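Letters A, B, ... mirror the listed sequences (proteins, then strands); counts begin at 1. Note that the structure is a prediction, hence the values are computed from the model and not measured. Atom set for the values below is all heavy atoms of this structure, side chains included, hydrogens, waters and symmetry mates excluded.
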Amino acid sequence: SQTIHQWPATLVQPVGSPLSLECTVEGTSNPNLYWYRQAAGRGLQLLFYSVGIGQISSEVPQNLSASRPQDRQFILSSKKLLLSDSGFYLCAWSPPLGRYEQYFGPGTRLTVT
Amino acid sequence: GNSVTQMEGPVTLSEEAFLTINCTYTATGYPSLFWYVQYPGEGLQLLLKATKADDKGSNKGFEATYRKETTSFHLEKGSVQVSDSAVYFCALSGSTKGTYKYIFGTGTRLKVLA
């Protein structure tokens, strides 16, 4: 069966510090991968999605970047965090051909102080 | 473009009450429709899905029917429990310029009182 992991689970970082969040998927090949951000009490905002290694699409201009160095690894990064980067970050995967459901990781709670 | 609209929360019910959370969508073509549930501090879990018109998705006593004529996918449960307290998201997967994109509603918080 497929499993999706995210780490760390929680993170407190000062403004201006770098960020690296990691997501890995097990039990499937060539998944589509997604990063979302959820602000407190709000819905989901799609940040990035990837259909293959090195292929990243950005949905909104922002202070973040994403990379996919391996088929089942998706990394969210920032060089300098802003207060507005605080939130709950969710990674998700789906089968490659569309129309199917997404499966979400447990999330990372990021607080920028 | 594609969009999902779901009812504002919070919804507060007594245990064993009937639940309806409304969801309507706008999409070209034939999207797949989903309901996800999020418990506090956790990621989203798929609750149920429907991939074509008139399909009924069901799971854990929850049901939703894909109604193309009304572009709706309302979530229902006959008798809610305290453990159903969570945030519920309606979502669709539809093709936009050859790429499938997922669109989520803003979420509806359900609180069930004992």
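Residues passing the side-chain hydrogen bond (donor to acceptor under 3.5 Å, both in side chains) test with B:Ser83: none are found, sequence neighbours excluded. The side-chain hydrogen bond (donor to acceptor under 3.5 Å, both in side chains) test applied to A:Arg72 returns no partner, not counting sequence neighbours.
Side-chain polar atoms of A:Tyr36 and A:Gln102 form a donor-acceptor pair below 3.5 angstrom. Judged by distance alone, the side chains of A:Ser94 and A:Tyr103 never bring a donor and an acceptor atom under 3.5 Å apart. Between the side chains of A:Thr24 and A:Gln73, no donor-acceptor pair of N or O atoms lies under 3.5 Å.
Each of B:Phe89, B:Tyr36, B:Tyr102 was compared with A:Phe104 under the ring-ring contact (aromatic ring centres under 6.0 Å, His included) criterion, and only B:Tyr36 meets it.
Only the side chain of A:Gln38 comes within contact range of chain B, judged by heavy atoms closer than 4.5 Å.
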* To do: Show your working on ring-ring contact (aromatic ring centres under 6.0 Å, His included) between B:Phe62 and B:Tyr88 and close with a plain yes or no.
  => CA-CA 11 Å; B:Phe62 291 90; B:Tyr88 292 82; 5.6 Å; yes
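A:Arg37 and A:Asp85 are joined by a salt bridge, as a carboxylate oxygen and a charged side-chain nitrogen come within less than 4.0 angstrom of each other.
Of all residues in residues 105-113 of chain A, those placing a non-hydrogen atom less than 4.5 angstrom from a non-hydrogen atom of chain B are A:Gly105, A:Pro106. Below 4.5 Å, heavy atoms of chain A meet heavy atoms from B:Gln38, B:Gly41, B:Glu42, B:Gly43, B:Leu44, B:Leu46, all part of residues 37-47 of chain B.
Atom-to-atom distance recorded for B:Thr108:OG1 and B:Leu19:CG is 9.5 Å, nearest 0.5 angstrom.
Aromatic ring pairs are classed by plane angle as parallel below 30°, tilted from 30° to 60° and perpendicular above 60°; the pair B:Tyr66 and B:Phe73 is perpendicular.
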